[in-house]
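Notes follow once the structure below has been shown.
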There are 4 protein chains.
Amino acid sequence: MFARGGAANAVDDRSWLAAMLDVEAALARVCARHDLCPAEAAEAITDATADVSRFDIDAMGREAGQTGTPVLALVRALRVAVGDVYAPYVHLGATSQDIVDTAAMLVSRRALEPILADAGLAADACATLAIEHRETVMVGRTLLQPALPTTFGLRVAGWMVGLDETRATLRAVREHALAVQMGGGVGTLAAFGDKGLAIAADLAAELELPEPTLPWHTIRNRPAALAGALGAMSGVLSKIAGDVVLMTQGEVGELREGGGAGRGASSAMPQKRNPVAAVMATACGRRVPGLVAGLLGAMAQELERAAGAWQSEAATLSELLRVVGAQVAWVRDLLENLDVDVERMRANVEAAGDLLMAESVVTALTPHVGLVQARSLVDRAVARVKEGDVTLGQALRTNVDVVDALGADGIDAALAPDEYLGVSGELIDRALAAHRATAV
Amino acid sequence: MFARGGAANAVDDRSWLAAMLDVEAALARVCARHDLCPAEAAEAITDATADVSRFDIDAMGREAGQTGTPVLALVRALRVAVGDVYAPYVHLGATSQDIVDTAAMLVSRRALEPILADAGLAADACATLAIEHRETVMVGRTLLQPALPTTFGLRVAGWMVGLDETRATLRAVREHALAVQMGGGVGTLAAFGDKGLAIAADLAAELELPEPTLPWHTIRNRPAALAGALGAMSGVLSKIAGDVVLMTQGEVGELREGGGAGRGASSAMPQKRNPVAAVMATACGRRVPGLVAGLLGAMAQELERAAGAWQSEAATLSELLRVVGAQVAWVRDLLENLDVDVERMRANVEAAGDLLMAESVVTALTPHVGLVQARSLVDRAVARVKEGDVTLGQALRTNVDVVDALGADGIDAALAPDEYLGVSGELIDRALAAHRATAV
Amino acid sequence: MFARGGAANAVDDRSWLAAMLDVEAALARVCARHDLCPAEAAEAITDATADVSRFDIDAMGREAGQTGTPVLALVRALRVAVGDVYAPYVHLGATSQDIVDTAAMLVSRRALEPILADAGLAADACATLAIEHRETVMVGRTLLQPALPTTFGLRVAGWMVGLDETRATLRAVREHALAVQMGGGVGTLAAFGDKGLAIAADLAAELELPEPTLPWHTIRNRPAALAGALGAMSGVLSKIAGDVVLMTQGEVGELREGGGAGRGASSAMPQKRNPVAAVMATACGRRVPGLVAGLLGAMAQELERAAGAWQSEAATLSELLRVVGAQVAWVRDLLENLDVDVERMRANVEAAGDLLMAESVVTALTPHVGLVQARSLVDRAVARVKEGDVTLGQALRTNVDVVDALGADGIDAALAPDEYLGVSGELIDRALAAHRATAV
Amino acid sequence: MFARGGAANAVDDRSWLAAMLDVEAALARVCARHDLCPAEAAEAITDATADVSRFDIDAMGREAGQTGTPVLALVRALRVAVGDVYAPYVHLGATSQDIVDTAAMLVSRRALEPILADAGLAADACATLAIEHRETVMVGRTLLQPALPTTFGLRVAGWMVGLDETRATLRAVREHALAVQMGGGVGTLAAFGDKGLAIAADLAAELELPEPTLPWHTIRNRPAALAGALGAMSGVLSKIAGDVVLMTQGEVGELREGGGAGRGASSAMPQKRNPVAAVMATACGRRVPGLVAGLLGAMAQELERAAGAWQSEAATLSELLRVVGAQVAWVRDLLENLDVDVERMRANVEAAGDLLMAESVVTALTPHVGLVQARSLVDRAVARVKEGDVTLGQALRTNVDVVDALGADGIDAALAPDEYLGVSGELIDRALAAHRATAV
């Protein structure tokens, strides 16, 4: 009920059918080139596969539900479609798994297009935010507790780096792991006589897929690599969404989701504006590790074709692509429409109090009195804060040694969150440079 | 593409919509009973929900893909359907989660019907096989190695007990865990004033669901219990299917799947008859643990409504019910159409050789020569077998001590697989008695 | 490095060894009772198993790392320990799996003791908090957004119900699912001749474990039931811990973890007081669903003994018990030492503003003007609040229709969070009654 | 109880402690280089960390069990070890997570050494087998049913390619993903003033780890990449082990595990020789997907440090490395000691019958009579085989059209399994060439 993102279409039954037909057609063309079937047969098969709507997908699904494979019904339907003369040239030398596995690679490649596009736009949105909020000071929180000042720009730069690095991995998987599978019944390509290698190579070229060293029918590191790369990207997306959920909390209020009117409405409470995109992206993300585990667990495939593990892959792979596709679409939407409340970020820094700056004062004092003494002075001041109503600033300003070392201005500077941001700016710049390099 | 079993229909979008409408209608009737809405409004709402096809499920799905919840669209559509006068009485006092959670319980209960029915018939089929093959001797295999003789009846009785015990658990979950969820916005039922408890109780009664101690909107042991019970049943189904795959191997050949003509055909190799049902049941089973883990992992739901974990449940739950439903349908089909090759079982016992009976000879000798000596005699005979071409029987018959103790007939008896089946018959009877008790 | 809770000891190598020895000793005593071994042998075996420290656990572990089973080394060591005369009576009629599976049940039962005890004390701590905070008003939050008022008592009552219900399930599993496994090589108990049933029954009685209908060596719903019950309890514990993490956030500040000095310190930031118990309980909880999935996935066990799936269980089961044991210990600690900041809860209600009460005003107006008009009036008032600087109270008080219907006092009452808590008190009482019933 | 493989030592508590000490020492040296601490302090710290046995690891573990982090105890112990003067220079500018995360990378790198070494030797063993059995004909089995002839060499070449490709991925992860983590409290490196970037870079160099674009404290694609790569390798190992289990079955008998005397013994049945290494490798492999899912699920880490997800990683990562380490050690052992029964492979081909060759006859007939007629002739012959007692050869030799087309010799050739191996030899050569390239 919750389809979202372009990947959903790319993995539906119709797209699987189209991909399987594409493989059958490419195979016929390659066979024709090697004189294993007449050119007219290849043409007829190619023509017949061009229009998916000619095939009764529901009937084929029902038959697959009986026979356990979609290929029997597909080959029969395709033979009917091309007529008796060309029928024998359909599915030449291939086994069901060749068609399904190669189709799975086509389906995956097509589903990766919107996924990578959305991920790229999400990273671009991060870049825009990181530039804009390079100096936007906010509370850095560890274990959800106020810890030290940071900038929203640095937080977002982290999101961007995560997206950029997992995009790079996913792109590499798309280029190298999504290989053609062509092995015939048991991987020897025997039905092609001595032409097996040439046909497998040509089929790869015809479909613009890489050619593997060996048929990979029961060696499943290729789907596993895809699953792992999707899982890693999903984890980054979940991190982003989770941060947004936390930052939109009523008591924090640093972010709000934008988006159209009505977005985030509640069926019961009219005042609410829920972080829908972040919530839905989180929901998607929670389903991903189990799906990845499903594909990894299916790698132990018996002998020349598995009795169950292989048959479990297609549904899991489709779901994985669909769910990550929806997740990245939500996160892109989220990032492109994010309202950042800079004042609230500042207010939260103030509210957190100057204890946030204890480490800063040590750093400031060290050049003057040495690290040992610096720590000792600050520890004593912190202890006073914890005992009573005094702030850290007050405790420091009434300590002669501290005042001698830093002066009033120095104390103020050491307590200024904006002055204790370390190399956050340089880090953002570095992340942006890396991001720009991904666009090439 | 592989829908099979009645549960698939019970969890599709249309069935979810019907269940949500059922909850809204029941809520309206209960509110009318408590004078919170006019009886005519309740009637109008009930009428409007009676026909799911009045609602544009695709449009609602698209909207849910934008808003992250199906309930907003549903409430709006239902209000349109009942007209302006009764519109305000739709969704009275409820929050989205009340509708979705209670609908999930209805969907689950409905999906469990075919699942439990198929599981019961599968167990019945086991009972028939166990009775028929109470004395059918076969090789017992541990780590897939020949170990000792057993009977096919005992193997099948084990399958049956597994089915019966997990059916009992799943039935108990259906009776007790699938409770109504009614809490309003945050679980206080505040919109009902002081009538909250009565309304929740009446809603439970109206839908024939148990009433929980508290609204369980963020305490998720109920879906977890359902998931666990489905997972356990699936594990038993996978065990059965796995055994069948192994026993249908060419080199073992003890079982063959029956079923209609064309079942088990190959797209490439015309001579094949694949164990399709067992393979597909195995494929289904592999997907289940990850789905159960998904529901367990979603139990950590924040405060009064989760921001992601809850929203991830419905898809996972639907898939879990669908997949276990398909699995149990395959296994029932498998068991109801199983060809048992008793001769091949016997032939495999012969082929395994009489080393299979070493433990039997120790047991036979012990009353005559004591355990220590019995073991020593057999160990020496086994060593001779391993050294050369002699069988265990030959080694024993040429040992004076053994012949003295058992006589030629006694040796023959000790080497007879049919005589070394322990209490397999009594165990089968016990399992059958337990099975009959489940039918009451 | 992070052992915590009594379950850790119960599942360590030493405890597994002790449990296996207990099974061997009980088996010897039962065999003696049935005249299969001399009483002195049973006595000697019992004596030899009494002191685990006599066995070189490291050497046995190394051997298990070579042979893949701990039982070979154990049987050999035990035979050495009892001397040549009694050695043959060690491990009579059993197979390795009988020993390991039955030991697993003993280990589980022992590990469940501290787990159930800690869970019970955690639920008791909830009961205390629920009673104390039955009227403590706080912001109810859905999707982490302020939604409606609720009470801390009701939140905690939900935690308690979750603990109580999953405790009940886990207790039932302990009573019924942890059965003896005794089947001999392939489940026929053939080595005991016609005494198999009696011996299995007596072994169950000797170890105070239930007797199953059949040996369950490859029918694994028993470990699965245990895993599911632990997973469900863990999910409730994670929910509690997650809520505490959120409520201890700097900007929320409604809870603080108590516990000894130094608890929650940071290695870098001296001002921090981290919610350590909640964080660690969350960390534990994250590992559980994967472990449960591991045990469910291992249910597909081949023929008479699995070739891998069974061997994977012990480590996963131990880890599951250890991790849930640590988690429940952290949560108990957390709940028994929780600082509740009632003032901060109140302050957060105030800060959330009176929009929180929109639903309350509808409820109040309805008896006076009908639901349709009530909703319309409130919707308009909410719209004004969203447009400008006015509060909901101000908007209502300047609306003649509202003032006519409710009067100034009525408006105040409708805006009072304390007056809009529905049946939260009754729900708490119901939960407490159910809790008290668990103690019987 | 089942430790095996070098990775187990690399991930134990002692190794984690050593790695954390290495990070602290390297940090001190880098700080000294940047004049943030005296050279003598860095020297003292380096000296103090050199000997792990100086630290009371059990006490530190107990403290970690209380505080939820090992770093507090470690820093305190290290400060004691270096004495009061140098104590303040311990842990300069770092936060606990910097130490744990960087230590995790060191631990991982060290654990990958034996894993990659064993995987390389396993692949080498495959290469040897593939060369030796390049022409060893065996039954190719799909869904565990006899399908077509293949060679054992091709099967093993598939194993080898799987190992080689996942080794390459894992090596790339080791080189690029295992980066230093140095960010200070919230990732700004503020405690180092303007020297943060330089110090992070130098720390990376000092530990020979890559430097990341940004601190990755809550962006977890690095551990995820490691998990994914280990999961993929484990899947290949499980495939190999599963094949061996199936091929060692009594009724198949094509392989036997070698290894020392006593390997594969049974506690009850003296005649057994169990495929222990394959079984244990399978057992290890079953645990891996859940662990990978655990690390992927832990990627959603909150804000500047996660409250639970991060804390769950170390145990899961250690277990993952340990389990994959044990698995690869078992598989290497298995492959280096595999007894291949070439005669049994040949006998199984004979036993499978000449229906195995149906596709071969079609291929042979096609040049003579065209594909349509070839298929028709063979289909009719297969139908005759299925009807009665005739073999495929007999059916073909009594068909005039077939005899005309192929002659008696041609029929014999078409029925010869050795002549229908397609490009298996070329594929093996290609795989071996790729394998040799991995050694460079």
- Item | Interface residue of largest heavy-atom contact number with chain C, from T150(B), L291(B), L214(B), under 4.5 Å | L214(B)
- Largest heavy-atom contact set with chain C, pairs under 4.5 Å, which of P88(B), A190(B), A364(B): A190(B)
- Message: With a 4.5 angstrom heavy-atom cut-off, is it the side chain or the backbone of A224(C) that approaches chain B, or both, or neither?
- Response: side chain
- Item | Most chain C-contacting option - heavy-atom pairs closer than 4.5 Å, from S234(B), A200(B), G235(B) | G235(B)
- Taken to the nearest 0.5 Å, the spacing of K239(B) NZ from I219(C) CD1 works out to 5.0 Å
- Which atoms of P149(C) approach chain B - backbone, side chain, both or neither, heavy atom under 4.5 Å: backbone
- For S424(C), is it the side chain, the backbone, both, or neither that has a heavy atom closer than 4.5 Å to a heavy atom of chain B? both
- side-chain contact (heavy atoms from CB on, under 4.5 Å) between V186(C) and V139(B): does it pass, once the steps are laid out? CA-CA 9 Å; V186(C) 296; V139(B) 178; over 6 Å; no
- Sort V292(C) into side chain, backbone, both or neither according to what part of it lies under 4.5 angstrom from a heavy atom of chain B. side chain
- Out of A298(B), G228(B), A306(B), A293(B), which one racks up the most heavy-atom pairs below 4.5 Å with chain C? A293(B)
- What heavy-atom pair brings S238(C) and A300(B) nearest, and what distance separates the two atoms? CB-CB, 3.7 Å
- Query: Atom OG1 in T213(B), atom CG in D164(C): separation rounded to 0.5 Å?
  - Reply: 8.5 Å
- Query: Can you say whether P367(B) sits under 4.5 Å from chain C via the side chain, the backbone, both, or neither, judging by heavy atoms?
  - Reply: neither
- Task: Determine, for R222(C) against E165(B), whether the closest basic-nitrogen to carboxylate-oxygen distance falls under 4.0 angstrom.
- Result: yes
- Query: Does the side chain of L197(B) come within less than 4.5 Å of R430(C)'s, by heavy atoms?
  - Reply: yes
- Residue A157(B) versus chain C: region with a heavy atom under 4.5 Å: both
- Query: If every non-hydrogen atom of L143(C) is compared with every non-hydrogen atom of A307(B), which pair is closest and at what distance?
  - Reply: CA-CB, 4.0 Å
- Counting only heavy atoms closer than 4.5 Å, note whether M233(C) contacts chain B via side chain, backbone, both or neither. neither
- Query: If you count heavy-atom pairs under 4.5 Å between each of D84(C), V372(C), D243(C), L295(C) and chain B, which one has the most?
  - Reply: D243(C)
- Which atoms of F192(C) approach chain B - backbone, side chain, both or neither, heavy atom under 4.5 Å: neither
- Output the option from A191(B), G196(B), G162(B) having the highest count of non-hydrogen pairs under 4.5 Å with chain C. A191(B)
- Message: I need the minimum non-hydrogen distance between V423(B) and G193(C), along with the two atoms involved.
- Response: CG1-O, 4.1 Å
- Message: Using every non-hydrogen atom in the two residues, find where L421(B) and T188(C) come nearest and quote the distance to one decimal.
- Response: O-CB, 3.3 Å
- Does the side chain of R155(C) come within less than 4.5 Å of E304(B)'s, by heavy atoms? yes
- L237(C) versus chain B, heavy atoms under 4.5 Å apart: side chain, backbone, both or neither? neither
- So, for M299(B) and V236(C), which heavy atoms are closest and what is the spacing to 0.1 Å? CE-N, 3.8 Å
- Item | Contact winner vs chain B - A241(C), A431(C), G242(C), S360(C), heavy-atom pairs under 4.5 Å | A431(C)
- Note on the structure: What one should report as the nearest heavy-atom pair of L303(C) and L144(B) is CD1-CG, 4.5 Å
- Before giving the answer on side-chain contact (heavy atoms from CB on, under 4.5 Å), spell out for L92(C) and L371(B) the whole-Å C-alpha distance, their side-chain angles and the decisive distance to 0.1 Å. CA-CA 10 Å; L92(C) 261 190; L371(B) 175 59; 3.4 Å; yes
- Message: Counting heavy-atom pairs closer than 4.5 Å to chain B, which one of C37(C), A229(C), G158(C) comes out on top?
- Response: G158(C)
